[in-house]
Amino acid sequence: MDAVAESRPSDKPRVGAGLSAQVLLQYEIEQFLYAEAALLDARRYREWLGLLADDIHYWMPIRRTVTLSDLDLEFTKPGGMAYFDDDRALLEMRVKKLEAGSAWSEDPPSRSRHFVSNVRVLGVEAGAQGDEITIEVCFHLYRTRLNSEVGGWVGRRLDVLRRARDGFRLAKRHIFLDQTVIPTTNMSTLF
Amino acid sequence: MDAVAESRPSDKPRVGAGLSAQVLLQYEIEQFLYAEAALLDARRYREWLGLLADDIHYWMPIRRTVTLSDLDLEFTKPGGMAYFDDDRALLEMRVKKLEAGSAWSEDPPSRSRHFVSNVRVLGVEAGAQGDEITIEVCFHLYRTRLNSEVGGWVGRRLDVLRRARDGFRLAKRHIFLDQTVIPTTNMSTLF
Amino acid sequence: MDAVAESRPSDKPRVGAGLSAQVLLQYEIEQFLYAEAALLDARRYREWLGLLADDIHYWMPIRRTVTLSDLDLEFTKPGGMAYFDDDRALLEMRVKKLEAGSAWSEDPPSRSRHFVSNVRVLGVEAGAQGDEITIEVCFHLYRTRLNSEVGGWVGRRLDVLRRARDGFRLAKRHIFLDQTVIPTTNMSTLF
Amino acid sequence: MADGTLPIAAQWDAGEIRALFDAESGWLDRRVHSDAALYQLELERIFARGWNFMCHESQLPNAGDYFINYIGEDQVICVRDENGQINVLLNTCRHRGNALCRAEQGRAKSFVCSYHGWNYGLDGRLIGVPGQSTYYRGDLDKSRLGLVKAAKVESYLGFHFATMASDAPALHDYLGDVGRTGLGMVCANGDIEVVDGIQKNVMDCNWKIAVDNLFDWYHVPYSHASANSAGFLDVAAILHPNNQMVMLGDYGQAIGGPGLSKETQAKIDAMSDEEREAASRAAPPNTPRVRLRRAKALMGPEGVRSMGHPNLFPNLWITMSGLQMCLRLPRGPSKTELWWFTLVPRDAPAPLRRRMISQANHVFGPAGLLEQDDGENWSQSTRAAAGFSSRKVGAALLMGLGRDEVLVGENGQTSVEGYVGEHAQRWFYRSWTEWMAARDWAELEATRSPVPTGVV
Amino acid sequence: MADGTLPIAAQWDAGEIRALFDAESGWLDRRVHSDAALYQLELERIFARGWNFMCHESQLPNAGDYFINYIGEDQVICVRDENGQINVLLNTCRHRGNALCRAEQGRAKSFVCSYHGWNYGLDGRLIGVPGQSTYYRGDLDKSRLGLVKAAKVESYLGFHFATMASDAPALHDYLGDVGRTGLGMVCANGDIEVVDGIQKNVMDCNWKIAVDNLFDWYHVPYSHASANSAGFLDVAAILHPNNQMVMLGDYGQAIGGPGLSKETQAKIDAMSDEEREAASRAAPPNTPRVRLRRAKALMGPEGVRSMGHPNLFPNLWITMSGLQMCLRLPRGPSKTELWWFTLVPRDAPAPLRRRMISQANHVFGPAGLLEQDDGENWSQSTRAAAGFSSRKVGAALLMGLGRDEVLVGENGQTSVEGYVGEHAQRWFYRSWTEWMAARDWAELEATRSPVPTGVV
Amino acid sequence: MADGTLPIAAQWDAGEIRALFDAESGWLDRRVHSDAALYQLELERIFARGWNFMCHESQLPNAGDYFINYIGEDQVICVRDENGQINVLLNTCRHRGNALCRAEQGRAKSFVCSYHGWNYGLDGRLIGVPGQSTYYRGDLDKSRLGLVKAAKVESYLGFHFATMASDAPALHDYLGDVGRTGLGMVCANGDIEVVDGIQKNVMDCNWKIAVDNLFDWYHVPYSHASANSAGFLDVAAILHPNNQMVMLGDYGQAIGGPGLSKETQAKIDAMSDEEREAASRAAPPNTPRVRLRRAKALMGPEGVRSMGHPNLFPNLWITMSGLQMCLRLPRGPSKTELWWFTLVPRDAPAPLRRRMISQANHVFGPAGLLEQDDGENWSQSTRAAAGFSSRKVGAALLMGLGRDEVLVGENGQTSVEGYVGEHAQRWFYRSWTEWMAARDWAELEATRSPVPTGVV
Ligand code: FES
Ligand code: FES
Ligand code: FES
Ligand SMILES: [Fe+3]
Ligand SMILES: [Fe+3]
Ligand SMILES: [Fe+3]
């Protein structure tokens with residue numbers, strides 16, 4: 001799926017697997033996504049890095065309020081401006097920053113809760129490095145900071161999981177926020 | 001289940017199916033509900049209409065803050081005042097309105113996210129037009145509008161899915177909000 | 001798992017069961033948790049009590065905003081100050097209070113919605129009274145009161161379910177809020 | 001500072017207030033839609049002083065039935081007592097001020113305060129005080145410590161209103177012919193009752209913008225274009241661009257919208273009630289029913305022709321789209337709570353009743369196919385009024401200004417007839433400035449404009 | 001405008017403020033619970049000027065231990081320095097005002113500002129400034145740029161208090177006999193320590209409504225009826241309807257609630273500490289322990305009989321239900337943050353300690369079986385005070401007014417004894433008006449009422 | 001009260017305002033960061049009166065392209081019309097004030113109001129009014145009812161600015177040499193265009209604290225220590241502790257940050273554009289490119305040495321970290337909306353363009369590796385300014401005060417060179433007090449300080 005098309009939600013039915021195989025896959029994927037979320041909520045960032053593929057693309061374009069006739073402008077395009085447009089090196093830099101002991105916006109650390117909901121497998125494709133499973137979820141990343149700052153982000157996520165020998169690796173995370181003007185002082189939290 | 005009784009939540013255990021059959025049904029239903037929600041969130045209203053049974057009843061009574069001794073007054077009754085009390089024709093009218101190019105409250109279109117959670121199959125009954133499955137879910141319909149309007153609705157939904165040859169059809173959606181005074185300027189979003 | 005350790009989230013993989021057995025267990029547990037939540041949301045407190053083990057520990061420590069170097073202070077410890085630290089007798093007292101007809105903060109009753117998400121089975125252990133299954137969930141307890149009071153609580157829950165002959169019993173519920181200063185006038189709702 | 005007045009409410013003087021709307025030019029200063037000080041003054045001078053709609057008698061059939069409403073931001077309990085009387089009581093205990101009722105409606109035997117247990121009768125009398133003879137040593141003069149009642153509660157056609165001002169004119173005079181015509185309109189085809197279930201939602205708009213709109217037939221084709229496209233509304237059938245009939249009354253009362261021609265009315269006059277009912281049945285659905293003979297007594301010989309929207313000053317809109325009334329409760333300069341009351345004739349046969357309720361469910365309220373789009377316009381008009389430069393621009397109430405004449409009809413009922421215009425809106429804002437500038441009822445009576453005559 | 005004062009705080013003059021509570025009649029103007037201008041003035045004239053509870057020494061055992069608290073809405077760091085002294089420092093950097101601490105509590109070696117790295121010692125002294133000799137060319141007089149310290153920090157029985165007013169009386173005198181009795185009460189059975197974990201929640205109420213309530217034994221049977229039904233509370237055992245004992249002190253200090261009779265106290269006086277401990281053990285659970293001999297020195301010969309609730313003016317409530325103190329921090333006219341500190345005797349054996357903590361966990365705090373219902377009454381009383389007409393009604397503090405006499409007891413300790421009444425509440429609001437009307441400490445000292453004597 | 005002015009905005013007099021910053025001592029009264037009345041006055045006297053950045057011409061390539069921006073809290077439409085001109089129109093209908101545009105950007109043929117359908121051209125002219133000849137009887141003078149245009153719209157180097165004050169000086173003069181140098185800086189290596197996608201977020205800080213910070217090279221090592229540790233930033237490479245070069249201009253314009261030495265510049269001057277490009281390519285990534293020959297004309301002979309941060313008064317920050325501009329839109333005393341515009345040379349080859357966008361995406365904005373920590377400091381500095389005692393403390397703008405001299409360079413361009421200091425911040429706040437104290441442009445021109453000379 002090319003990056004532009006994917007900003008339009010998909011309902012492609014997943015094919016080529018019997019019903020119980022689908023159920024098992026769904027279970028495996030949900031459990032992976034929940035475990036991955038739990039690592040972030042537990043601030044175990046380095047372990048989280050371990051779940052990422054080396055070629056991960058972690059991207060959150062800018063969403064704009066536009067009229068129906070300008071819906072092509074709703075999201076910025078790949079390669080353009082974005083809130084996140086990270087490869088593995090940049091994500092490692094973010095984690096390193098969090099570990100530096102001087103990331104003031106995260107010390108005291110904020111408290112996050114990653115709600116992963118409406119998990120849907122959109123497709124399974126054989127890739128060079130293993131099967132690649134495209135997944136759509138609704139997410140609510142709830143966050144409190146200090147004693148009274150309550151906020152969060154809501155939207156749709158398009159993930160690609162690649163099946164490695166020892167479990168899944170996250171090969172793509174494209175995050176489509178429902179918010180346009182970001183309502184929080186920062187986004188120092190990982191999605 | 002009659003419409004009055006259903007405003008009281010149910011915990012009827014689902015019977016008559018082996019455990020793995022239950023798991024498969026649960027999977028099918030969840031996936032249907034998620035796909036249906038994704039259509040609404042993607043503003044693909046006309047495709048959404050395709051998932052509705054012709055005799056659908058789409059209803060959201062008014063909830064009131066009442067004392068324990070007046071709990072019989074908590075919801076308005078079927079046939080009385082309601083926020084939604086739609087048949088298929090009315091839902092089509094709502095969609096037509098959204099497509100008209102002059103539905104100002106939805107142009108710029110709002111951004112919705114339908115969180116479908118705690119999915120429970122309450123019963124499966126054979127109906128004239130196919131098996132009818134009664135489902136209870138907790139929903140959180142999160143919505144942002146324009147650049148700074150954040151809102152949403154939370155509650156319990158009682159759906160009936162009818163199994164047709166080519167998949168499920170939504171034959172009933174009864175929406176029991178947790179909110180009494182509606183906190184938003186409008187409810188131009190479909191639930 | 002001892003009570004101190006558990007305030008640190010776990011990602012222990014669950015072992016000793018085939019994949020389909022895991023799926024079935026996951027289904028049973030989710031359905032139990034959803035049904036249990038539905039009882040609370042339906043204000044059927046006495047029936048809810050019926051799902052509790054006699055030796056239940058229902059605990060919500062106080063969370064504090066602390067720096068990274070003081071993370072050992074983030075939660076109060078078992079036996080110390082807490083928002084909830086209840087055994088069965090105390091929970092029955094809470095229910096009795098709700099039934100007393102004079103619990104002013106719950107008459108008019110508030111309206112709650114227990115969103116149970118990211119359900120993970122962390123372990124299954126044989127116990128004297130039956131298998132004990134340790135579960136982690138993300139929860140969002142949404143609540144409205146009167147006509148305009150909207151609030152809620154978000155966090156992580158560590159439950160232990162014990163398998164009895166006629167279904168599960170909740171033997172432990174440890175609630176780790178994401179909020180530090182509680183943003184609501186009261187916590188008259190059960191988690 | 002006067003009782004209860006906040007310092008902020010004293011920031012505008014009378015001259016400045018009067019200048020906020022220039023009736024000569026039709027220009028309105030948009031600070032009326034945004035300033036916090038003006039808003040506080042509205043609570044005092046408009047809401048506490050005027051007559052506020054409380055409930056219809058059918059909402060409270062039995063003794064102990066109560067319904068919570070507001071006078072401005074003050075919560076009141078409307079309750080029927082054992083004598084059948086409907087009382088309006090401030091929902092605040094005389095001891096420490098706690099609320100007596102926290103539900104929206106219900107059934108009570110008496111009102112017991114959850115704080116210390118003071119117990120008030122359905123008429124507000126303090127009937128029980130724990131420790132009266134012991135802790136209070138019998139000192140408490142219970143007769144002076146009943147719940148504060150509205151200064152006056154009066155009703156017309158079963159509609160109950162209340163004011164906090166003891167020197168307010170009688171409801172009958174306050175409504176005047178125009179207000180009574182408005183209430184008469186909903187009873188024109190028989191006595192009515194309120195259907196259970198008030199739709200309520202909060203909108204980000206100033207309450208006056210919502211009032212302004214109810215007189216406004218100008219917005220229908222554009223604002224509601226999508227409802228028209230979808231087939232919900234037939235704009236052509238309801239617009240009547242040059243059959244408008246505006247009636248203006250004392251104290252800011254007004255009715256705006258279309259009217260029947262005298263010719264049409266004459267034909268109706270010639271019909272028996274049976275013929276009228278038959279004509280109504282023959283008309284397309286959602287057409288207003290032909291009024292029965294009783295209508296003339298209720299609405300007057302000219303008023304009976306009005307098919308428009310009355311506003312009972314300050315904030316009760318009456319509409320026949322679904323036979324509904326909408327109360328606009330102020331919640332701050334840029335917030336309004338909208339409450340929709342749906343009415344049906346008491347003797348309506350079940351199918352008619354069903355049809356009327358269905359129409360009401362779908363036209364207004366937050367999910368209503370019309371109100372969705374209204375809300376967008378109102379909230380955006382309010383939002384812009386908060387900007388310093390936008391606020392300075394002013395709103396233009398120019399339509400038909402100086403172009404129409406007040407016609408004096410039968411029985412002295414007056415109306416402005418012809419094109420869609422903004423006569424009612426101007427009258428509303430002009431009255432508003434007079435209410436706001438006057439310190440008390442005596443001053444208001446001495447300074448308010450008489451109902452316009454001649455060219456308007 | 002004076003330093004730091006906002007224009008809004010100047011909207012009330014002294015005469016208007018004094019009229020807000022009429023001590024003669026017992027009527028209170030409810031604008032005190034809602035007006036934004038009065039609230040700003042409270043931050044200046046009550047909180048910045050009075051003595052505020054900061055922490056107990058046991059909370060900060062080691063050098064570098066800190067605890068964040070508030071003086072009004074000003075955040076302060078309470079920290080023990082290397083000399084063992086507890087300092088109270090405004091949590092705002094002297095450079096641009098950034099916060100030094102953003103946690104609620106913790107351990108620090110020094111306070112380094114996250115903006116430009118200014119470094120302050122545990123005593124607030126500025127000890128490090130990046131670029132001092134280069135960028136600042138050595139100009140910076142670091143000795144004048146330490147963190148702003150509270151004007152005075154003083155302690156009594158290990159409880160530390162702070163004031164921003166350098167002309168405030170000494171803590172000892174400010175507390176006076178009544179305040180010291182209050183603090184003595186919690187130490188009556190041994191020196192105490194604060195248990196780790198402060199319960200905190202935000203309530204939609206005016207802080208004074210929460211203070212008013214702590215003296216109030218009148219609300220117990222009705223407000224807490226459900227806790228009684230559920231078996232958590234035995235109302236009959238705690239009410240003591242005519243064994244009340246109110247003590248009033250300078251500056252608004254007060255204790256309200258039940259007291260032991262002189263006869264009962266005489267019997268206790270005759271007991272040894274061992275006998276008292278035995279009696280405590282024999283009593284039903286959750287009964288307050290019999291006080292030890294040391295209590296008389298701490299509470300005075302009359303005060304030792306008090307089983308009530310002290311309030312250390314303005315906002316520290318002391319209760320023995322679970323040996324707790326509750327600080328009510330103002331967060332706006334209709335918002336209060338409640339902080340519950342739980343105390344146990346330092347030498348409490350583990351089971352007693354467990355029992356006390358368990359009682360504390362379940363009685364108060366947001367999930368507490370009592371406080372749930374208190375909050376409802378307080379928030380509703382506050383909400384209603386925002387309405388124009390409801391606000392005018394006034395709150396009635398009439399109970400026992402003019403019916404009781406101030407008794408002068410041993411050592412000159414005074415009390416009002418007998419029925420449940422509202423003497424302490426009246427004294428609190430009367431003192432409040434005096435604090436609010438006085439521009440500075442000198443004027444407050446010159447104008448405040450002496451502690452009542454004779455008939456009250 | 002003057003047009004559009006709210007009563008609250010009149011609470012400070014000119015003397016009080018001037019005293020808020022003492023340029024002699026460098027102390028700033030922190031009420032400027034918290035008082036609601038000052039904030040209202042800022043909307044009038046700073047934002048409506050000054051020149052506000054609207055957009056760059058590249059954002060609106062075609063007729064009908066529009067972009068919504070703000071002048072203070074007033075929403076404006078920036079739109080290119082059929083003549084190629086960029087108009088700035090208040091986004092409020094002349095009829096009732098509804099918004100014409102509710103999107104952030106888009107393409108329009110004309111602006112039709114969703115309320116009653118008034119239709120405005122891309123130049124704001126009212127071109128269509130339903131019912132003009134009927135309802136309005138042709139009375140409406142459409143030529144006087146166009147959308148309100150900014151009093152002036154002028155551009156420099158493709159950057160469009162607008163002011164609501166018709167008596168404002170021309171943009172060219174308002175920017176002055178310093179402002180023009182700032183804009184010249186971003187065009188020094190070629191004409192630029194704005195990349196699609198403005199990062200926007202809301203921060204809990206006063207807008208002036210964000211402005212203060214942009215001049216501030218002092219905070220870099222400490223605030224951004226973690227970005228340094230993570231390898232994202234090389235603090236040592238960017239700090240230049242004693243190569244600072246501050247330029248101060250009329251009306252509060254300023255540039256702060258490092259500068260090249262005259263020697264370095266002389267070497268550059270000797271290079272051809274080709275050599276400069278080669279040098280840029282040879283430098284480590286994220287090093288600012290060596291400026292081309294055109295730069296000197298754009299920035300002046302001294303200005304061309306500046307590697308710092310211009311602020312175009314009041315609220316447009318220009319930075320070369322990623323060639324970006326950040327607009328700080330006021331949203332209340334403690335709230336600011338930050339909008340990041342990213343610029344690239346029009347003729348940038350794809351890899352350079354990609355690298356510049358990537359740098360922009362990662363340095364600033366809410367997820368930016370630098371701005372995360374800035375926001376924390378700004379919001380905490382703002383929060384503390386709300387406390388009564390903390391507010392009194394003042395902010396210390398003492399660095400380098402009285403220690404440096406304004407150098408007059410070639411072409412009369414002036415600068416303060418040497419150590420990191422707070423000259424630009426002091427100039428910003430001093431100018432702010434003068435803007436705030438002056439009732440109109442004439443008074444501002446008469447009373448504002450000349451650009452400092454001599455010792456500063
Ligand atoms: S407040 Fe109602 S009885 Fe005291
Ligand atoms: S604000 Fe603290 S060092 Fe600058
Ligand atoms: S408000 Fe724009 S046309 Fe009426
Ligand atoms: Fe409308
Ligand atoms: Fe209580
Ligand atoms: Fe920075």
Side-chain angles (χ1 to χ4, degrees), chain E residues 1-11 36 40-45 47-49 70-76 90-102 112-119 129-141 144-145 147-148 150-151 164-165, chain F residues 8 10-13 16 19-20 28-31 33-38 209 212-213 216-223 225 241-242 244 373-374 376-404 418-422 425:
Chain E
M1 257 169 285
D3 273 11
T5 299
L6 302 184
I8 190 182
Q11 295 182 347
Q40 283 300 329
L41 207 56
E42 283 180 332
L43 296 180
E44 296 184 29
R45 297 199 171 167
F47 292 96
R49 190 188 284 169
Y70 287 86
I71 293 179
E73 297 206 37
D74 281 295
Q75 226 175 50
V76 293
L90 281 184
N91 188 14
T92 193
C93 180
R94 290 303 300 278
H95 180 228
R96 280 298 192 280
N98 190 30
L100 280 311
C101 290
R102 288 168 293 132
V112 190
C113 179
S114 61
Y115 201 165
H116 307 89
W118 284 26
N119 187 9
V129 172
Q132 200 193 348
S133 61
T134 50
Y135 311 157
Y136 277 109
R137 331 297 161 89
D139 283 347
L140 213 63
D141 182 353
R144 305 185 56 183
L145 290 167
L147 293 179
V148 173
M164 298 306 295
Chain F
I8 189 181
Q11 295 181 346
W12 291 80
D13 69 37
E16 289 169 332
L20 289 168
L28 175 71
D29 191 312
R30 288 167 66 198
R31 284 175 293 188
H33 296 143
S34 57
D35 184 57
L38 288 173
I209 286 181
D212 174 344
N213 174 268
D216 177 346
W217 250 252
Y218 186 35
H219 81 291
V220 177
Y222 208 82
S223 287
N242 54 5
Q244 295 287 305
D373 299 311
D374 285 324
E376 190 65 10
N377 291 323
W378 304 349
S379 60
Q380 291 299 321
S381 301
T382 300
R383 187 199 54 68
F388 169 68
S389 299
S390 306
R391 194 159 66 212
K392 285 204 288 193
V393 174
L397 285 76
L398 309 175
M399 198 181 282
L401 178 64
R403 284 297 200 158
D404 291 311
Y419 278 122
V420 165
E422 296 177 330
Q425 293 96 313

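Note that the structure is a prediction, hence the values are computed from the model and not measured. We name chains A, B, ... by the order of the sequence lines, and we start the count at 1 in each one.
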Self-check item: Rounded distance [0.5 Å steps], CD in F:Gln380 versus OH in E:Tyr115
Solution: 12.5 Å

Exercise. First locate atom CD of E:Glu42, then atom CZ of F:Phe388, and finally report the distance between them rounded to the nearest 0.5 Å.
Key: 13.5 Å

With a 4.5 Å cut-off on side-chain heavy atoms, are [Y] and [X] touching?
{"X": "F:Arg383", "Y": "E:Gln75", "result": "yes"}
{"X": "F:Ser389", "Y": "E:Val148", "result": "no"}
{"X": "E:Ser114", "Y": "F:Asp373", "result": "no"}
{"X": "E:Arg96", "Y": "F:Leu397", "result": "yes"}
{"X": "E:Tyr136", "Y": "F:Glu422", "result": "yes"}

Of the listed residues ([options]), which shares the most heavy-atom pairs with chain E below a 4.5 Å separation?
{"options": "F:Ile209, F:Asp374, F:Leu398", "result": "F:Leu398"}
{"options": "F:Ser381, F:Ala225, F:Gly387", "result": "F:Ser381"}
{"options": "F:Ala36, F:Gly394, F:Gly418, F:Ser390", "result": "F:Ser390"}
{"options": "F:Ala384, F:Pro241, F:Gly421, F:Ala37", "result": "F:Pro241"}
{"options": "F:Leu38, F:Asn213, F:Val220, F:Asp13", "result": "F:Asn213"}

Atom of [X], atom of [Y] and distance for their closest heavy-atom approach:
{"X": "E:Pro7", "Y": "F:Trp12", "result": "CG-NE1, 3.3 Å"}
{"X": "E:Asp139", "Y": "F:Arg403", "result": "OD1-NH2, 2.6 Å"}
{"X": "F:Gln11", "Y": "E:Ile8", "result": "OE1-N, 4.2 Å"}

Between [X] and chain F, with a heavy-atom cut-off of 4.5 Å, which part of the residue counts as in contact: side chain, backbone, both or neither?
{"X": "E:Ala10", "answer": "neither"}
{"X": "E:Gln132", "answer": "neither"}
{"X": "E:Leu140", "answer": "side chain"}

Quiz prompt | Interface residue of largest heavy-atom contact number with chain F, from E:Thr134, E:Thr92, E:Asp3, E:Leu145, under 4.5 Å | solution = E:Thr134

Exercise. Could you check which of E:Val76, E:Leu43, E:Val112 has the highest count of heavy-atom pairs closer than 4.5 Å to chain F?
Key: E:Val112

Practice problem: Evaluate the side chain to side chain contact (heavy atoms under 4.5 Å, CB included) criterion for residues F:Lys392 and E:Met164: first the C-alpha distance (whole Å), next the side-chain angles of each, then the deciding distance (0.1 Å), finally the verdict. | Solution: CA-CA 11 Å; F:Lys392 285 204 288 193; E:Met164 298 306 295; over 6 Å; no

Exercise. Tell me, with the steps shown, if E:Glu73 and F:Arg391 meet side chain to side chain contact (heavy atoms under 4.5 Å, CB included).
Key: CA-CA 11 Å; E:Glu73 297 206 37; F:Arg391 194 159 66 212; over 6 Å; no

Self-check item: E:Arg137/F:Asp404 under side chain to side chain contact (heavy atoms under 4.5 Å, CB included): CA gap, chis, key distance, verdict
Solution: CA-CA 10 Å; E:Arg137 331 297 161 89; F:Asp404 291 311; 2.7 Å; yes

Quiz prompt | Check: E:Pro130 main-chain N/O paired with F:Tyr218 side-chain donor or acceptor under 3.5 Å | solution =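 Yes.
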
Quiz item: So, does F:Arg31 use its side chain to make a donor-acceptor pair with the main chain of E:Leu6 at under 3.5 Å?
Solution: no

Exercise. Heavy-atom distances under 4.5 Å only: say whether F:Glu16 touches chain E with side chain, backbone, both or neither.
Key: side chain

Practice problem: Could you look at F:Asp212 and say if it's the side chain, the backbone, both or neither that has a heavy atom under 4.5 Å from chain E? | Solution: side chain

Practice problem: List for me each residue that meets salt bridge (Lys or Arg N to Asp or Glu O under 4.0 Å) alongside E:Asp74, sequence neighbours excluded, and say none if there are none. | Solution: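 Checked E:Asp74 against salt bridge (Lys or Arg N to Asp or Glu O under 4.0 Å); zero matches.
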
